[in-house]
Number of protein chains: 2
Amino acid sequence: MSTLSQNNMKKHRKPLKLESFLPYRLSLLSNTVSSNIAATYQDKFGISMPEWRIMAILAEYPDISADEVCQRTRIEKSVVSRAVARLLARHLLGRTFDESDKRRSSLCLSETGLTVYDEVMPIAESFEKKLIEKLTKEERLSLSILLDKLQNEAEIK
Amino acid sequence: MSTLSQNNMKKHRKPLKLESFLPYRLSLLSNTVSSNIAATYQDKFGISMPEWRIMAILAEYPDISADEVCQRTRIEKSVVSRAVARLLARHLLGRTFDESDKRRSSLCLSETGLTVYDEVMPIAESFEKKLIEKLTKEERLSLSILLDKLQNEAEIK
DNA sequence: GAATATTAGTTGCAGGAACAACTAATGTCA
DNA sequence: TGACATTAGTTGTTCCTGCAACTAATATTC
């Protein structure tokens, strides 16, 4: 493997240091974390990341509509639609159509879905645990506050 | 717009709270930040996110190979290959083939590329600035340290 | 109550990313 | 030297995402 060149950096104008550029670091971190987790879900259970998130949100909030799943997971509605279709086909979810409003239906984990959820959930938790295991209590709190602040700032258009 | 249901959460097993699950929060934040930035680069300059990153790394480290670009930006090599091809076609980059090793070539920003870079760079910086403007000096330092720790942890397989 | 707007959800499609297979050049080692 | 391995980079393919257009149902407004 070739090593990276040393000291061939030229200051011409004012270079943006990509390695320390916050949006890049966030992207890299998220990507590193997610790709590990996604590969595990996929390999062991054949479940994609959005599928897993939908299952997780339905475990927490059963019997909500696809639209509410979108709002809660922030997953785009076409992605939710297709993910829900796959989960229904695999009988991991159930859908109940609303009699009074025929546009609406509510979704929930099936018994099988709950079983799968109960298998995946501890794995998800252990990923998070490992990620923060070196952090002190204070650091974890601080991280959480900082992420919230950044999220708030990022959402202001 | 329909409001989210209140209080229909059932504790059946032990739900994973998606909203506070760190990998999810990182993904959401990164996505929120990146999609804003990417849209700006795309709309104003017709440059994709990987293209911009490649330009930024070449501004910092001129005359490196495509392979070194991969290592430094962590962008997958096929993505780099195609992005570089587009940037070359638009004459934003120059490529010099290595005489002694015909596999290798080194890349650098062209004059035009530098001009574009000089236009985009302040915009990139202002995005970052806005993102962290509400944070104190201490919080910024803390954030940086925490992100490094998480990145290190995430990279251990 | 008819025209229009909005909402829930699906589908078509285009662009991007990941992985593998591939070409071509160079390195290694018997 | 010759077989094999490695490296740089390209291309094919598949999957995923996001936007927009669409259908069907309900709400609104005049």
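Lettering of chains follows the sequences in order, A, B, ..., and the numbering in each one begins at 1.
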For nucleotides 17-19 of chain C, print each protein N/O atom paired with a nucleotide N/O atom at under 3.5 Å, atom names and distance only.
unit_1: C:dA18; atom_1: N6; unit_2: B:R82; atom_2: NH2; d: 3.4
unit_1: C:dC19; atom_1: N4; unit_2: B:S78; atom_2: OG; d: 2.8

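- Note: NZ (A:K77) to P (C:dG12) measures 15 Å, nearest angstrom.
- Positionally, the nearest nucleotide of DNA chain D for A:R86 lies more toward the 5' end than for the other of A:D98 and A:R86.
- Computed from coordinates, the A:I64 CD1 to C:dA8 P distance equals 13 Å when rounded to whole Å.
- Across the protein-nucleic acid pair, A:E68 atom CD and C:dT7 atom P stand 15 Å apart, rounded to whole Å.
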Please tabulate, one pair per line, each protein N/O and nucleotide N/O from nucleotides 27-29 of chain D that are separated by under 3.5 Å, including the distance.
none

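- Among D:dG9, C:dG9, D:dA25, the nucleotide with an atom closest to any side-chain atom of A:D67 is C:dG9.
- Donor-acceptor pairing under 3.5 Å is recorded for the side chains of B:S100 and B:D98.
- Between the side chains of B:S110 and B:R95, no donor-acceptor pair of N or O atoms lies under 3.5 Å.
- With no hydrogens or angles considered, no side-chain donor-acceptor pair links B:S48 and B:Q42 at under 3.5 Å.
- Spacing between atom NZ of B:K102 and atom C1' of C:dG27 amounts to 16 Å, rounded to whole angstrom units.
- In summary, A:R25 and B:D148 engage in a salt bridge, as defined by a charged side-chain N under 4.0 Å from a carboxylate O.
- Put simply, CZ on A:R104 is 17 Å from P on C:dT6, counting in whole angstrom units.
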